[in-house]
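Presented below is the structure to which this report refers.
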Amino acid sequence: VHDEMAMRFRLLNQAYDMLLDRALGFYASHIGVAGQPGRYPFLLFNPLPFGRSCVVPVTLDIPAVDAVDGLTIVDAQNGEVPFRVLNRRPVRIDRYDPINLPTVIDCVRFELLVYADSLPALGAAVLYAQKAQSHIDIPRAGGRSIENELLELTAEADGTVTLRDK
């Protein structure tokens, strides 16, 4: 019985994902989200009955052929939006399209925290990721330390934390 329920759950989850993708695509097509070369639009949706400002986790998959190392996030008026890169890694995306059949796209996945200022009640905001003019240094982690070009942070086994300015 448990195996049957697990299969039903997987099928339901697949149907939910397809319906969600279709609904968000429909919504996006009606608010004028259009990509431009070098700009990657994404939609932030506020399902609450009141406006709010908040930090939103965002995952962006950008085709590897575009060679994007660093990003800036801008709004529709090209105003910069505060954000932080949490992770950047290569991924392969399986794309199922009735016209092109199944294909695999090599992408770079950016996991971000984006500050959404004044999202309208039951509404959305369109933001754009674009190639950064300068490289954004992503921290390197290993063992008990994390470092970037300026600082190194190390946590010892006894709980001592050391911050070194390079």
Side-chain angles (χ1 to χ4, degrees), residues 9-10 12-98 100 102-142 145-153:
F9 180 75
R10 278 194 296 277
L12 259 173
N13 206 15
Q14 272 184 330
Y16 167 77
D17 287 343
M18 287 189 317
L19 285 172
L20 180 62
D21 286 346
R22 189 179 303 166
L24 289 176
F26 176 80
Y27 188 77
S29 71
H30 283 79
I31 61 169
V33 176
Q36 300 167 353
R39 289 184 78 167
Y40 308 93
F42 61 96
L43 183 73
L44 300 179
F45 180 71
N46 179 13
L48 300 176
F50 51 86
R52 67 180 176 155
S53 296
C54 57
V55 175
V56 180
V58 173
T59 300
L60 290 175
D61 293 328
I62 296 177
V65 296
D66 292 352
V68 174
D69 287 327
L71 297 173
T72 58
I73 307 293
V74 296
D75 59 21
Q77 292 76 34
N78 279 333
E80 286 203 26
V81 175
F83 76 100
R84 289 287 176 254
V85 177
L86 300 177
N87 195 6
R88 176 187 176 274
R89 63 188 166 93
V91 294
R92 299 191 86 191
I93 306 293
D94 292 325
R95 181 67 122 194
Y96 299 99
D97 185 334
N100 297 325
T103 58
V104 176
I105 302 170
D106 290 320
C107 292
V108 177
R109 175 166 289 168
F110 286 90
E111 294 171 6
L112 313 170
L113 289 177
V114 178
Y115 180 68
D117 190 25
S118 304
L119 282 174
L122 299 171
V126 179
L127 299 178
Y128 299 88
Q130 57 191 26
K131 198 180 237 187
Q133 299 301 328
S134 62
H135 177 72
I136 297 174
D137 185 36
I138 298 176
R140 295 168 299 284
S145 66
I146 185 168
E147 66 178 295
N148 64 13
E149 63 187 19
L150 302 175
L151 300 171
E152 179 181 15
L153 181 73

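These figures come from a predicted structure and were not determined experimentally.
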I'd like to check L71 versus V85 (side-chain heavy atoms, cut-off strictly below 4.5 Å). Are they in contact? no

Please find the pair of heavy atoms, one from V55 and one from Y115, that lie closest to each other, and give the distance. CG2-CD1, 4.1 Å

CG/L112 to OG1/T59 distance, rounded to the nearest 0.5 angstrom? 7.5 Å

Distance-minimising heavy-atom pair for Y40 and P63: CE2-CD, 4.4 Å

Atom CZ in F110, atom CG in N87: separation rounded to 0.5 Å? 10.0 Å

To the nearest 0.5 Å, what is the distance between CD1 on I73 and CG on L113? 11.5 Å

Heavy-atom closest contact (L122 atom, P47 atom, distance): CD2-O, 3.2 Å

If you count the non-hydrogen atoms of other residues, nucleotides and ligands that lie under 6.0 Å from CZ in R52, is the total more than 12? yes

Value rounded to 0.5 Å, distance of CG in L127 from CG in D117: 10.5 Å

Quick check: closest heavy atoms across D66 and K131, and the distance to 0.1 Å? O-NZ, 3.6 Å

If we ignore hydrogens and angles and just use 3.5 Å, is the side chain of D75 paired with the main-chain N or O of Q77 as donor and acceptor? yes

Heavy-atom side-chain contact between V58 and F42 under 4.5 Å: yes

Main chain of D17, side chain of N13: is a donor-acceptor contact present, judged purely on distance under 3.5 Å? no

Determine the minimum heavy-atom distance between P120 and N46, stating which atoms define it. O-ND2, 3.1 Å

Atom OH of Y128 and atom OG1 of T72: how far apart are they, to the nearest 0.5 Å? 13.5 Å

Considering all heavy atoms of both residues, which atom of R88 and which atom of V108 are nearest to each other, and what is their separation? CG-CG1, 3.7 Å

Are D61 and I105 packed together at the side-chain level, in the sense that at least one heavy-atom pair is separated by less than 4.5 angstrom? no

Counting distance only, does the side-chain N/O of S53 pair as donor-acceptor with the main-chain N or O of S118 below 3.5 Å? yes

